[in-house]
Colleague: 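Can you read through this structure? Questions will come right after.
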Amino acid sequence: MAEDLRDFIRRRIRDDLRTGDGEGVVTRFPPEPNGYLHIGHAKSICLNFGVAEEFDGSTYLRYDDTNPLRESQEYVDAIQRDIAWLGFSWAGPTYASDYFERLCEFAVELIKRGKAFVCSLPAEEIRATRGTLTEPGTDSPYRDRTVDENLDLFHRMRAGEFPDGSHVLRAKIDMASPNINMRDPVLYRIRHATHHRTGDDWCIYPMYDFTHCICDALEGVSHSLCTLEFEDHRPLYDWVLDNIAINYHPPQIEFSRLNLEFTVMSKRLFSTLVDDGHVTGWDDPRMPTLAGMRRRGYPPAAIREFCHRIGVTKSDGAVEYALLEFCVRQELEATAPRAMAVLDPLRVVLTNYDREGESLTAPWHPQQPEQGHREMTFSSTLYIERDDFMESPPRKYRRLTPGGMVRLRYGYIIVCEEVVKGSAGEIEELRCRYVPESKSGSDTSGLKPKGVIHWVDANTAVSAEVRLFERLFEDPNPGAGNFLEALNPASLSLADARVEPALFAREASDAVHVQFERTGYFVKDSLDFTPERPVFNRTVALRDSYKPQ
RNA sequence: UGGGGCGUCGCCAAGCGGUAAGGCACCGGGUUUUGAUCCCGGCAUACGCAGGUUCGAAUCCUGCCGCCCCAGCCA
C-alpha cells in the first residue's frame, strides 16, 4: 500500500480507492515505437510503474503502434531493454495493433449510430475547413452520408479499394466546438503500408485519439496518466468511450512533462542529431536517451531517485541538470571503488629514489574497508596530472609548485626541484626529490604538505582512452530556437590517460563504475572497450569547490 | 482576439483559511592523505499583480498580468 502520497495523482488514486468502485490500480506506459526512450519518458515510467507498485497494482507496457510509417521492431526491442534496465517489470507487452480488429468493430458501431462518417475530402480541404483558433470550422459536404453508404465505404476502405488519402473516417461531433480536437476529428486513415507486427493485414490504421482510450478501457486501466498536452484531448477520449458499447471508462489524468536544462526532449530532434552525425548514435553518452545515459554510466537507481525528487505536478518548468548529477554522484559515491588515473600526464622523475621500485597498498574505497585493497607500484618515474603543477600558482593553490611539496596519495611526499622545459617553453618533466621517511601509513617526517595529488607509476601504468563530456547544448533551452546552433562544439574531448594496472586485474569484479580519484566517476565504454585499448567514459566529474583567488 | 492549463526562494516542490516543509544550487564553518565524501550553520516578513471577504488568506471571491499547449489523414 502507498505509504507516501507525495503528489496529486497518488492522492487522487488513494481517494478513488477509498470511495469504493475501484478493484485495484492498473496503469500503462504507452510508448510509440518510433525512437528511443529518454529521461522524460523515465519520469512517466517511474510514475506509472511506481504508482502501480505502491498500490499493489500492475502496469501494462503497451506499444502505441498505429502508424506503420514511423515504427519498427528495433524500437520495440530498445524500449523493453531500457525499461528493464530502469528496474521495472511490466504486464504484457501489449500492442495497440493487438486490438485492430476490435477497434474496427467499434468504428463500425460508431457509424451505425450515426456518430461517424466517411469523409472524402483531401487532407488540404479538411485542414482548410477545420476553422482556426478563433473561427469555427465548416461541415464536410460528406457529413450527411447515410449509414449504409458510410458502412459500404468504410468496408471498402478496409478492403483496400482506395488509395492513401482518398477517404478517412471522421467522428461526427461539432465543427464549431471551441476545442479544435472536437471538430469532427479523423478516426481512421488509409495507409497501404507494412506494419511491423500485422504485416499487410491492414491498410487502414486508427488514429491515436480513437485507439488510446479504447485500449485503456479494454485493458482495464484504472488511471490513464499522460502529459499536459493531451489535456485538450480528454473530451475526445471521453466522447469515444461514451459513444460505443464498452463497459469501462478510465479517467485520464494529466501531469507536466519533464524538461531538463541544456537538453531537448524530442525524438524528432534526436533523429536529426543522429542522422546528421552530431552524435554517434541514439546511445551516444551525451544523449539524454536512457541508452545514452546507460552508456555514460548513469546508474538506473540514480535516474529513479531523480524522478522521485522532481515530483509530479501540472506546472511546467525546467529542472536544473545539477539535480540529476547530484543523484548520479550520490549513488556512485557509495558504491564505486577508487583507482588512480592521470588524464593529462606530466612526467616526474625522482632524483633521489635509487631503488628499483616498491609496492604500496591502497584501499579500494577509503570509507569502505570491506571493499579490500590493492597494490600500486612506485618507482623513480611517475606521472602526475599536468594541472596539478603550476609555476606561478594563484593564492591558496594546494598542489605542486617550484620548490613546493605535495603528498602523492598513498605514497610519499615529494618536493619539486627543477622544471625541465622543451624548446617551445613547454614543461616536459619535473625533477623532484622524495622524502623517504614520509611513506603513507608510516610517516615520520613530520612534514605537513597542504595538498595531496594522484599519480601513477610510469613503468606499469596502462594507457587508456578517456572520453570527457560536457553539455551537448550551450543554451539552457535549445529547443526554443534553431537547436543545431546551440550545439556545444566542445561537448566531447578525448584524453590519452595512464591508469593504474590493478584496475584491470579487477576484471572479475562486479563493480561497473570506478572513481578515478579527484577527476570523477568513470565506466568502461560498453562498445569500444577492449583489453588492448581500454576506453573509459567519464560519467560525471567530482564536485569541485576550488575557486582560484 | 477561441479553448485548455499553469504561476510559492536561482531550480524542483510541500502547503488545501490559522500565520511559508523539504531537496538541489549557492554562501559560511568543522573533519579529511580525493579542493571528494561526511558534519554543522545560513539562505522567501513572503506566496504573479490589484482589490475584496474574514478576527485571520499563499490558501476563498473579483479583476488584471505573465507563461505553456491546441488549427497532423503524428503520438
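In what follows, chains are A, B, ... by sequence order, proteins preceding strands, each numbered from 1.
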Colleague: Is the base of rG35(B) touched by the side chain of R399(A) through a donor-acceptor pair closer than 3.5 angstrom?
Modeller: yes
Colleague: How far, in whole Å, is rG3(B) from rU8(B) if one measures between their P atoms?
Modeller: 25 Å
Colleague: Tell me whether the side-chain N/O atoms of R268(A) come closer than 4.0 Å to OP1 or OP2 in rA75(B).
Modeller: no
Colleague: Could you check whether any side-chain N or O of T519(A) sits under 3.5 Å from a backbone N or O of F516(A), counting only pairs where one atom can act as donor and the other as acceptor?
Modeller: yes
Colleague: Heavy atoms only, 4.0 Å cut-off, all strands: where does Q515(A) land among base, sugar-phosphate and nothing?
Modeller: base
Colleague: Classify the nucleic acid contact of P235(A) as base, sugar-phosphate or nothing, counting any heavy atom under 4.0 Å across all strands shown.
Modeller: nothing
Colleague: Quiz question: by atom type and distance under 3.5 Å, do the side chains of D475(A) and N477(A) form a donor-acceptor pair?
Modeller: no
Colleague: Please name the nucleotide paired to rG2(B) by Watson-Crick or G-U wobble geometry with both distances under 3.5 Å, or report none.
Modeller: rC70(B)
Colleague: Which nucleotide wins on minimum distance to the side chain of T132(A), given the candidates rA71(B), rU33(B), rC74(B)?
Modeller: rA71(B)
Colleague: Record whether the side chain of T134(A) comes under 3.5 Å of the base of rU1(B) through a donor-acceptor pair of N or O atoms.
Modeller: no
Colleague: Have a look at H454(A) and say if it touches a base, only the backbone sugar-phosphate, or nothing, with a 4.0 Å heavy-atom cut-off.
Modeller: nothing
Colleague: Can you tell me whether the base of rG4(B) sits syn or anti, using the 90° cut around 0 to define syn?
Modeller: anti
Colleague: According to ring-ring contact (aromatic ring centres under 6.0 Å, His included), who are the partners of Y208(A), at least two apart in sequence or on a separate chain?
Modeller: H212(A), F230(A)
Colleague: Could you list by number each residue of residues 156-164 of chain A showing a heavy-atom separation from RNA chain B of less than 4.0 Å, or answer none if no residue does?
Modeller: none
Colleague: Taking NZ, NE, NH1 and NH2 as the nitrogens, is one of them in R197(A) or D98(A) under 4.0 Å from a carboxylate oxygen of the other?
Modeller: yes
Colleague: Answer yes or no on whether R145(A) is positioned over the face of F117(A), meaning its NZ or CZ is under 6.0 Å from the six-membered ring centre and within 45° of the axis.
Modeller: no
Colleague: Hunt down the Watson-Crick or G-U wobble partner of rG7(B), both distances under 3.5 Å, from any strand shown, or write none.
Modeller: rC65(B)
Colleague: Is it the case that the side chains of T377(A) and E358(A) hold a donor-acceptor pair, with the cut-off being a distance below 3.5 Å and no angle test?
Modeller: no
Colleague: Taking pairing as Watson-Crick or G-U wobble with both contacts under 3.5 Å, can you name the mate of rC38(B), or confirm there isn't one?
Modeller: rG30(B)
Colleague: So P31(A), base contact, sugar-phosphate only, or nothing? Heavy-atom distance under 4.0 Å.
Modeller: nothing
Colleague: Applying a 4.0 Å non-hydrogen cut-off, can you work out what D232(A) is touching in the nucleic acid: base, sugar-phosphate, or nothing?
Modeller: base
Colleague: To the nearest 0.5 Å, what is the distance between OG1 on T27(A) and CG on L225(A)?
Modeller: 6.5 Å
Colleague: If you look at every strand shown and take non-hydrogen atoms under 4.0 Å, does Y188(A) touch a base, only sugar-phosphate, or nothing?
Modeller: nothing
Colleague: From the set rC68(B), rC24(B), rG2(B), return the single nucleotide nearest to any side-chain atom of R309(A).
Modeller: rC24(B)
Colleague: Side chain of L133(A) only, please: which of rC73(B), rA71(B), rG5(B) is the nearest?
Modeller: rA71(B)
Colleague: If you check the N179(A) side chain, which of rC16(B), rG3(B), rA75(B) turns out closest?
Modeller: rG3(B)
Colleague: For R409(A), report the nucleic acid contact type (base, sugar-phosphate, nothing); a contact means any heavy atom under 4.0 Å.
Modeller: base
Colleague: Apply ring pair (Phe, Tyr, Trp, His ring centres under 6.0 Å) to the pair F162(A) and H167(A), showing each step before the final yes or no.
Modeller: CA-CA 8 Å; F162(A) 307 119; H167(A) 308 277; 4.2 Å; yes
Colleague: Go through rC6(B), rC24(B), rA75(B) for me and flag the one nearest to the F326(A) side chain.
Modeller: rC24(B)
Colleague: Could one point to a donor on the side chain of E320(A) or the base of rG10(B) with an acceptor on the other under 3.5 Å away?
Modeller: yes
Colleague: Do Q515(A) and E517(A) meet the criterion of a side-chain donor-acceptor pair at a distance under 3.5 Å?
Modeller: no
Colleague: What integer number of Å spans the P atoms of rU59(B) and rC9(B)?
Modeller: 15 Å
Colleague: Indicate, with a heavy-atom threshold strictly under 4.0 Å, whether G317(A) touches base, sugar-phosphate, or nothing.
Modeller: sugar-phosphate
Colleague: Counting only Watson-Crick or G-U wobble pairs whose two distances fall under 3.5 Å, which nucleotide matches rC43(B)?
Modeller: none
Colleague: Measuring to OP1 and OP2 of rA14(B), would you say a side-chain N or O of R6(A) lies under 4.0 angstrom away?
Modeller: no
Colleague: Classify I453(A) by what it touches in the nucleic acid, base, sugar-phosphate, or nothing, heavy-atom distance under 4.0 Å.
Modeller: nothing
Colleague: Side chain of Q367(A) only, please: which of rA71(B), rU37(B), rG5(B) is the nearest?
Modeller: rU37(B)
Colleague: Would you mind classifying the nucleic acid contact of F230(A) as base, sugar-phosphate or nothing, using non-hydrogen atoms under 4.0 angstrom?
Modeller: base
Colleague: With respect to the phosphate group of rG5(B), does any side-chain polar atom (N or O) of S256(A) fall under 4.0 Å of OP1 or OP2?
Modeller: no
Colleague: The side chain of T313(A) is closest to which nucleotide in this list: rC24(B), rA14(B), rG5(B)?
Modeller: rA14(B)
Colleague: Going by purine N1 to pyrimidine N3 plus the second Watson-Crick contact, or the G-U wobble pair, all under 3.5 Å, which nucleotide sits opposite rA20(B)?
Modeller: none
Colleague: Side chain of R191(A): nearest nucleotide among rC70(B), rC73(B), rG3(B)?
Modeller: rC73(B)
Colleague: Select one nucleotide: of rC12(B), rG23(B), rG72(B), the one nearest the side-chain heavy atoms of R127(A).
Modeller: rG72(B)
Colleague: Choose from rG3(B), rC73(B), rA36(B) the nucleotide whose nearest atom is closest to any side-chain atom of S545(A).
Modeller: rA36(B)
Colleague: Identify whether any heavy atom of V319(A) sits under 4.0 Å from a base atom; if not, whether one sits that close to sugar-phosphate; answer base, sugar-phosphate or nothing.
Modeller: sugar-phosphate
Colleague: When you compare the side chains of Q80(A) and Y75(A), does any donor N or O come within less than 3.5 Å of an acceptor on the partner?
Modeller: no
Colleague: So what does R543(A) hit on the nucleic acid, given a heavy-atom distance under 4.0 Å: a base, only sugar-phosphate, or nothing?
Modeller: sugar-phosphate
Colleague: Would you classify L542(A) as touching base, sugar-phosphate or nothing, given that sugar-phosphate means primed atoms plus P, OP1 and OP2, and contacts are heavy atoms under 4.0 Å?
Modeller: base
Colleague: Assign L121(A) to base, sugar-phosphate, or nothing according to its heavy-atom contacts below 4.0 angstrom with the strands shown.
Modeller: base
Colleague: If we take the C1' atom in both rA14(B) and rC24(B), what is their distance in whole Å?
Modeller: 15 Å
Colleague: Going by ring-ring contact (aromatic ring centres under 6.0 Å, His included), W455(A) matches just one of Y383(A), Y410(A), F378(A). Which one?
Modeller: F378(A)
Colleague: Do the side-chain N or O atoms of R189(A) get closer than 4.0 angstrom to the phosphate oxygens (OP1, OP2) of rA75(B)?
Modeller: yes
